[in-house]
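Before any comments, here is the structure.
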Number of protein chains: 2
Amino acid sequence: MIERIHTSDVEPDADEVAIAGHVHEIRDLGGLVFLIVRDREGLIQIVFKEEREPELFEAVQDVGAEDVVRVVGEPLESDQAPGGVEIAPTEYEVIDEADSPLPLEISKDIEVDLSTRLDNRALDLRKPETLAVFTLRSELITAMEEWFDEEGYVDIKTPLISKGGAEGGAELFPILYYNQDAFLSQSPQLYKQMLMASGYEAVYETGTAFRAEDFATSRHVSEIAMFDVELAYIDDHDDVMDVQEESLRYALREVAENAERELDLLDVDLDVPEEDFPRITFDEALDILETEYGHFPDDPTDLDTKGEKLLGEHFEEQGHPAFFVVGYPDEKFYYMQDVPGDEIASRKFDLIYKGQELSSGGQREHDVERM
Amino acid sequence: MIERIHTSDVEPDADEVAIAGHVHEIRDLGGLVFLIVRDREGLIQIVFKEEREPELFEAVQDVGAEDVVRVVGEPLESDQAPGGVEIAPTEYEVIDEADSPLPLEISKDIEVDLSTRLDNRALDLRKPETLAVFTLRSELITAMEEWFDEEGYVDIKTPLISKGGAEGGAELFPILYYNQDAFLSQSPQLYKQMLMASGYEAVYETGTAFRAEDFATSRHVSEIAMFDVELAYIDDHDDVMDVQEESLRYALREVAENAERELDLLDVDLDVPEEDFPRITFDEALDILETEYGHFPDDPTDLDTKGEKLLGEHFEEQGHPAFFVVGYPDEKFYYMQDVPGDEIASRKFDLIYKGQELSSGGQREHDVERM
C-alpha cells in the first residue's frame with residue numbers, strides 16, 4: 001500500500017500520492033465534484049470528473065462533510081486550488097462516516113454558542129485555528145526544553161500530591177489521600193530548592209500547578225501548565241535574567257521558524273526580541289507610568305494589569321517587545337535576597353512580553369539567618 | 001571572574017580553572033591536605049601544600065565535610081587522583097558551611113535507616129548514585145521526546161482534575177473542586193482518543209496519572225509519571241509496535257551514549273536491543289511458560305509477574321532483551337479491536353524488557369457498533 005503523506009507535502013506534478021483526512025468541503029458542479037480534504041497540515045483539493053473516472057465519481061456522490069477518507073491520485077498544478085495543487089484521484093475510500101447533520105460546522109465561520117462547542121468538543125477541536133493553538137504550544141514546549149537540555153539542565157517531575165502548600169494557605173485544593181488529608185501541589189518551588197541544596201545545580205520541570213483561586217479574570221486558572229527552572233552557583237539575579245532572556249529568544253525563534261503556517265492561521269505576528277531586553281527597576285517603572293500615562297497602581301508595592309500593559313506599549317514603541325522589571329519591594333517577597341544598599345528593593349523580577357507578565361524570577365535568600 | 005567549569009571537564013595541564021561543589025572528603029596528612037570536591041559531574045582532588053600555598057593551607061584547616069567551596073587553580077596530571085587529574089589551588093573560598101556533625105554521611109557507604117534518610121532527604125539526594133537515577137531518568141525522557149518530536153507528534157498536556165475515571169471506578173483519589181466532587185486523573189486515554197477523533201493524528205504526553213490502589217508491590221504507585229502516545233491512520237497494531245520498538249531503541253541508545261558515567265555508577269549494563277523485537281502471541285507465551293518452566297499463571301487471561309520474568313529469561317538467552325506479547329484475550333480488553341478470525345484474541349499487546357512489563361499498547365476499537 002502506498003504510504004500516506006500530509007497535504008502540505010503534496011508537490012504538483014509529482015508521482016502518485018496517498019493522502020487521508022476529514023472532508024472539509026464538498027462542491028458539486030454537475031459532472032464535477034470538488035472535495036477539499038483536511039489533515040493536520042492543511043487542505044488539499046481532489047477533483048472527481050465524471051468523464052475521467054466514472055466509478056470514483058459515482059462513489060463520491062454519497063460523501064458527507066467530515067467523513068474520513070483516503071485518496072490516492074496524481075498531483076496536478078492548479079491556480080484555483082488551495083496550495084496551488086489538486087489531486088486527480090485513482091483510488092478513493094471512505095474510512096469512517098460522520099453523522100449528518102453535524103451539530104456544528106467545521107469549515108465555515110459560523111458563530112456557535114459556547115455550550116454547543118463544549119458539548120461537541122471533539123468536533124470543535126477540528127477547527128484549524130484551534131489545532132494551531134495546540135501545535136504552537138507543542139512547538140513552544142519542545143523549543144524551551146531543547147534549550148535547557150542543551151545547557152545541561154536535569155528534567156525533573158515533582159510530586160503533585162502534597163502535605164501542604166508551598167506558597168500560601170488559602171488557595172489549595174483538598175484531596176483525600178488514603179483517609180489522610182492532603183492537597184494538590186501549588187508549586188514545585190520547595191522541591192526545586194531541595195534539589196539545589198542537594199547539588200543538582202540546574203533543573204527544569206514542565207509541570208502542573210493547582211490554584212483554588214476565584215477565577216474572575218483570565219489571569220487566574222485552577223490548573224496551570226508551568227515551565228519551572230532553578231539553578232545554583234549564580235552571582236546574582238542578572239544570571240537568572242540572562243537565562244530567561246536567552247531561552248525565550250531561542251524558543252520564539254524556533255516557533256517562528258517551525259510554525260509559520262499556524263501563526264498565519266491565527267494572524268499572529270510573532271515578535272522575536274533580538275536586542276538585549278531592557279532591565280528597569282520597579283521605581284523606574286512607576287516613574288514611567290506616572291510621567292507618561294498618569295497611572296498609579298492601587299497597590300504601591302506591585303504592578304497592576306493596566307500598568308504592565310502601559311509599560312508594554314512604552315517599550316514596544318522603542319522596539320522592545322520584552323523587558324524586565326527588577327527590584328520589587330522586599331516586604332512582599334521576603335524569601336528573595338535584598339539588593340545591597342537598598343532598604344526596599346528585593347532581587348525579584350518579572351519578565352513582561354507585549355504587556356503581559358510572562359514569567360517571574362529572582363535570587364532566593366539561602367541564608368536562614370538573613371531571612 | 002573566571003567561569004566555573006564542571007569537574008569532568010578539567011583536563012590535566014590545562015590553563016587555570018575554577019570549580020565549585022560540595023566537600024566530599026578531607027584527608028589531612030600533616031603539611032598536606034587533600035580535598036575531594038563533588039559536583040554534579042563527578043569528583044576532583046584539590047591538593048593544598050603548606051609549603052606551596054601557606055595562606056590557602058591555613059584557610060583550609062577549618063573546612064568541614066559538605067561545605068560548599070569554590071576553588072581556582074592549575075590542573076596537574078596525577079595517577080593517584082580520581083580522574084587522573086588534581087588541582088593546585090590559587091584561590092579558595094567557602095560559599096556556605098555545612099552543619100557538623102552531619103546527620104548522615106554522603107561519601108562513605110554507611111548503611112543508614114530509611115527514616116533518617118527521609119528526614120534528611122536533601123542530604124540523602126546528594127549521594128552520587130541517587131543523583132545518577134535522576135540524571136538517567138532525565139536523559140530517558142529527553143530522548144523519548146526527541147524521537148516523537150522528530151516524527152511530528154504534538155506534545156500535549158491533558159487536565160489532571162477530572163469529573164470521573166477513564167478506566168475504572170474504585171481507584172480514584174477524590175478531590176473537592178470548588179464545593180463539587182471531582183477526581184484526580186487516572187489516565188489521559190479519553191483525551192488522547194478525543195484528539196484522534198479531532199484529527200490531531202499523533203500526540204504524546206509526558207504526564208502524571210493517579211491510582212488509589214493498595215500499594216502492596218513495587219508495581220503499584222499512587223502517582224505515576226507516564227509517557228503516553230496515541231496515533232491515528234494505522235493499518236493495525238503492528239504499526240503501534242513499530243513505534244514502540246523504534247522509539248525505545250533510540251532512547252536506550254541515547255541514554256547509553258549520554259549517561260555512561262551514571263550507568264557505571266549504578267553498575268547497570270544497559271542492553272540496547274538492536275535486532276527486531278520478537279512478537280509472540282499470548283498463546284505462544286503460555287506455551288513457553290508451560291513447556292520450559294512448568295509455570296501456569298493463576299489468571300489464564302493474563303500474564304503474572306513471575307511469568308513475565310521467566311519469559312524475559314527465555315528471550316534474553318536468545319539474545320533478545322525486549323519482546324512483545326500480542327493478542328491478550330479480548331474479554332478483558334473489550335475496548336481493543338478483535339483479531340479477525342480469532343474468537344479470543346484482541347489487538348492488545350505488552351512490551352516486556354528484561355522480564356518487566358515496560359509498556360502496553362494496542363489498536364482500539366473505533367466503531368461503537370462493533371464494541
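Chain letters run A, B, ... following the sequence lines, proteins first, then strands; residues in each count from 1. Computation of the quantities below employed the complete heavy-atom set of this structure, encompassing side-chain atoms and omitting hydrogens, waters and symmetry-equivalent molecules. Given the structure is predicted, the values throughout are model-derived calculations rather than measurements.
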Taking atom [atom1] of [X] as the centre, does the number of heavy atoms from other residues, nucleotides or ligands within less than 6.0 Å exceed 12?
X     : atom1 : result
A:E93 : CD    : yes
B:R70 : CZ    : yes
A:R4  : CZ    : yes

Proximal component of [X], with respect to chain A [non-hydrogen, under 4.5 Å]:
X      : value
B:V68  : side chain
B:R121 : both
B:A202 : both
B:Y233 : side chain

Handout entry: Check against side chain to side chain contact (heavy atoms under 4.5 Å, CB included), B:I175 and A:L184
Key = CA-CA 9 Å; B:I175 157 188; A:L184 288 183; 3.4 Å; yes
Problem - Part of A:D96 within contact of chain B (heavy atom distance under 4.5 Å) - result: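 Just its side chain gets close to chain B.
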Handout entry: Per-residue contact mode, A:I106 against chain B (heavy atom under 4.5 angstrom)
Key =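 Looking at A:I106, nothing touches chain B.
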Handout entry: Atom of A:R40, atom of B:E201 and distance for their closest heavy-atom approach
Key =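 Closest approach of A:R40 to B:E201, heavy atoms only: N-OE2, 3.0 Å.
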Problem - Distance-minimising heavy-atom pair for B:I161 and A:E223 - result: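 Result for this residue pair: N-OE1, 3.3 Å.
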Handout entry: Expected output: side-chain A:Y200 to main-chain B:T135 donor-acceptor under 3.5 Å
Key =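 Between the backbone of B:T135 and the side chain of A:Y200 there is no qualifying donor-acceptor contact (under 3.5 Å).
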Practice task
Please check if the side chain of B:S198 supplies one atom and the backbone of A:A122 the other of a donor-acceptor pair under 3.5 Å.
Solution key: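 A pair under 3.5 Å: yes.
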Determine whether [X] and [Y] make a side-chain contact, defined as any pair of heavy atoms from C-beta on separated by less than 4.5 Å.
X      : Y      : value
A:T208 : B:T208 : no
A:L176 : B:L176 : no
A:L195 : B:L125 : yes

Practice task
Nearest 0.5 Å please: distance from the CG atom of B:D124 over to the CE atom of A:M194.
Solution key: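 Here the rounded value is 9.0 Å.
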Exercise for the section: Hey, could you give me the CG/OG distance between B:L160 and A:S222, rounded to the nearest 0.5 Å? Expected result: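 Rounded to the nearest 0.5 Å, the CG-OG separation comes to 12.5 Å.
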Under 3.5 Å, which donor-acceptor pairs do the side chains of residues 147-156 of chain B form with other protein atoms, sequence neighbours left out?
residue	atom	partner	partner atom	Å
B:D149	OD1	A:T142	OG1	3.4
B:D149	OD1	B:Y204	OH	2.8
B:D155	OD2	B:Y204	OH	3.4

Exercise for the section: Output every pair passing salt bridge (charged side-chain N to carboxylate O under 4.0 Å, His left out) with a member in residues 126-142 of chain A, not counting sequence neighbours, ordered by first then second residue. Expected result: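 Sorted result for residues 126-142 of chain A: A:E66-A:R126.
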Exercise for the section: Classify the angle between the aromatic ring planes of A:Y178 and B:F173 as parallel (below 30°), tilted (30 to 60°) or perpendicular (above 60°). Expected result: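 Aromatic pair A:Y178/B:F173 classed perpendicular.
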Handout entry: Most chain A-contacting option - heavy-atom pairs closer than 4.5 Å, from B:G207, B:A225, B:A197
Key =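 Heavy-atom pair counts peak at B:A197.
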